[in-house]
Amino acid sequence: MIHLDNLHVIRTIIETGSFQLTAEKLHKARSAVSYSVKLVEEQYQLQLFDRSSYRAELTHEGRLLLPRISHLLQQAEAFDAYAEELRGVVEAELRLGVSSIYPVERLTEILLAVQKTFPNTVLHLDCDVETGAHDLQEGAVDLAIFGAPKRDSGLDYLAIETMEMPLVIAPALLPETAFGTNAGLRRITRSDLTRHPQIVVKSSDAQLPDTGLLQETQKWFVSDLHAKRTLIAAGMGWGRLPRHMINDAVAAGQVVCLPTLGEVALPIVMARPANQALGPVGRHIWAHFDQRAAV
């Protein structure tokens with residue numbers, strides 16, 4: 001029977017497209033990667049990879065075997081995760097990724113509880129624009145809170161809340177006939193918006209609400225949501241912001257909400273890799289949000 005580690009090497013080669021990149025990702029020698037492939041091929045008397053191609057490409061037999069390899073590894077990972085959860089070993093460290101769209105103030109209750117209940121666990125709280133599915137898949141975080149209009153089959157999700165993302169602009173950029181009445185604001189068109197820059201938070205995440213909003217308008221890029229809010233309130237452009245970030249600015253008359261491009265309600269989730277075990281600390285955090293969502 002072939003060792004599962006050799007099958008893991010083969011799956012990683014397909015993911016990276018390269019024997020060398022696989023060696024770097026798995027911290028193995030290039031020769032060890034080749035040897036793992038050789039063992040599987042000799043065991044089953046099949047050639048899995050086409051050696052004539054520069055990029056690692058599967059043969060016909062390799063393509064037929066790949067779904068079986070993936071399924072077997074998923075089953076093994078699920079077994080490992082279940083066994084880890086049964087052991088209940090308290091994590092020495094826990095990495096929690098939080099999208100900057102989500103207010104950290106809403107985490108203080110559970111973080112205080114974690115600090116009190118698990119005083120020896122070191123918590124890494126990573127707040128970033130792009131924290132989400134990618135960080136979980138890459139193993140950069142153990143749990144993540146982020147906006148998820150789409151879901152990945154490799155992750156387990158827990159719905160936390162729905163966040164309104166209104167389109168906002170400073171009154172100074174509006175025609176005099178528009179400001180002051182709801183009817184006037186409804187008359188603002190896409191063409192009116194293109195006269196001013198769209199303020200966008202730089203990100204490679206295609207799921208963010210700003211991405212591709214109005215291709216025909218000039219873009220100004222910023223590194224975070226607070227900078228975006230400041231520029232919009234100062235009358236330098238327009239864009240979407242979380243409702244909780246603009247309530248005070250709306251009340252002060254610094255910005256107004258426009259219905260021009262419709263409403264966006266972004267599902268906020270907590271997620272974890274489907275086949276990764278959570279220790280007591282991770283389960284404690286997950287259960288907190290599960291119970292809160294049920295209220």
Side-chain angles (χ1 to χ4, degrees), residues 96-107 109-110 127-136 143-153 155-170 174 178 182-190 192-193 198-215 217 219 222 224-233 237-252 254-272 285-286 288-295:
L96 174 60
V98 181
S99 169
S100 56
I101 203 171
Y102 189 77
V104 177
E105 293 80 5
R106 297 180 189 176
L107 293 173
E109 179 185 354
I110 181 57
C127 300
D128 195 1
V129 174
E130 297 186 0
T131 288
H134 181 265
D135 281 355
L136 287 167
L143 291 170
I145 297 174
F146 56 98
K150 298 179 182 178
R151 299 195 174 190
D152 188 287
S153 60
L155 302 177
D156 289 335
Y157 290 87
L158 174 64
I160 294 177
E161 61 180 87
T162 300
M163 184 172 290
E164 293 181 23
M165 299 288 295
L167 184 69
V168 294
I169 192 170
L174 295 175
N182 289 334
L185 294 177
R186 285 194 294 270
R187 285 196 292 269
I188 300 298
T189 66
R190 292 172 65 97
D192 292 328
L193 291 177
Q198 178 187 2
I199 312 299
V200 179
V201 177
K202 289 185 289 188
S203 173
S204 60
D205 188 351
Q207 296 190 30
L208 292 180
D210 274 344
T211 305
L213 198 59
L214 274 188
Q215 294 298 327
T217 193
K219 305 290 191 302
V222 295
D224 60 72
L225 286 169
H226 291 285
K228 178 177 180 176
R229 180 191 182 282
T230 299
L231 265 58
I232 291 175
W238 55 272
R240 292 193 184 274
L241 283 166
R243 173 73 67 181
H244 67 87
M245 289 190 68
I246 53 96
N247 283 334
D248 58 342
V250 171
Q254 296 175 326
V255 299
V256 295
C257 300
L258 295 178
T260 308
L261 300 178
E263 297 180 356
V264 169
L266 186 63
I268 304 298
V269 302
M270 172 171 278
R272 53 172 283 188
I285 294 173
W286 188 277
H288 168 82
F289 283 99
D290 193 18
Q291 292 168 6
R292 201 172 74 173
V295 174

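Taking Asp152 as the reference, Gln137 meet the side-chain hydrogen bond (donor to acceptor under 3.5 Å, both in side chains) condition, with sequence neighbours excluded. Applying the side chain to side chain contact (heavy atoms under 4.5 Å, CB included) test to Thr162 and every residue at least two apart in sequence or in another chain returns Ala265. Asp192 is linked by a side chain to side chain contact (heavy atoms under 4.5 Å, CB included) to Ile188, Thr189, Arg195, counting only residues two or more places apart in sequence or in another chain. Remark: Glu109 pairs with no residue by the side-chain hydrogen bond (donor to acceptor under 3.5 Å, both in side chains) rule, at least two apart or across chains.
More than 12 heavy-atom neighbours from other residues, nucleotides or ligands sit within 6.0 angstrom of NE2 on His244. Other residues, nucleotides and ligands contribute only 12 or fewer heavy atoms inside 6.0 Å of the NE2 atom of His134.
In this structure, CZ on Arg240 lies 10.0 Å from SG on Cys257, to the nearest 0.5 angstrom.
Evaluated for a side chain to side chain contact (heavy atoms under 4.5 Å, CB included) with Val256, the options Ile246, Leu167, Leu174 yield exactly one hit, Leu174.
Contact of the Trp238 side chain with the Val168 side chain is not registered, since no non-hydrogen atoms from C-beta on lie closer than 4.5 Å. Put simply, the side chain of Leu266 reaches to within 4.5 Å of the side chain of Pro149, judged on heavy atoms. Residues Ile285 and Met270 have side chains in contact (heavy-atom distance under 4.5 Å, counting atoms from C-beta outward). Thr217 has its side chain out of reach of Leu193: every pair of non-hydrogen atoms, C-beta onward, lies at least 4.5 Å apart. The shortest side-chain heavy-atom distance between Asp224 and Val201 does not fall under the 4.5 Å cut-off. A 4.5 Å side-chain heavy-atom check between Met245 and Ile101 finds every atom pair outside the cut-off. Looking at Val269 and Phe289, their side chains never come closer than 4.5 Å, going by heavy atoms from C-beta outward.
Screening residues 254-266 for side-chain hydrogen bond (donor to acceptor under 3.5 Å, both in side chains) gives no qualifying pairs among residues at least two apart or on separate chains. For residues 157-166, the set of pairs meeting the salt bridge (Lys or Arg N to Asp or Glu O under 4.0 Å) definition, not counting sequence neighbours, comprises Arg106-Glu161, Glu164-Arg243.
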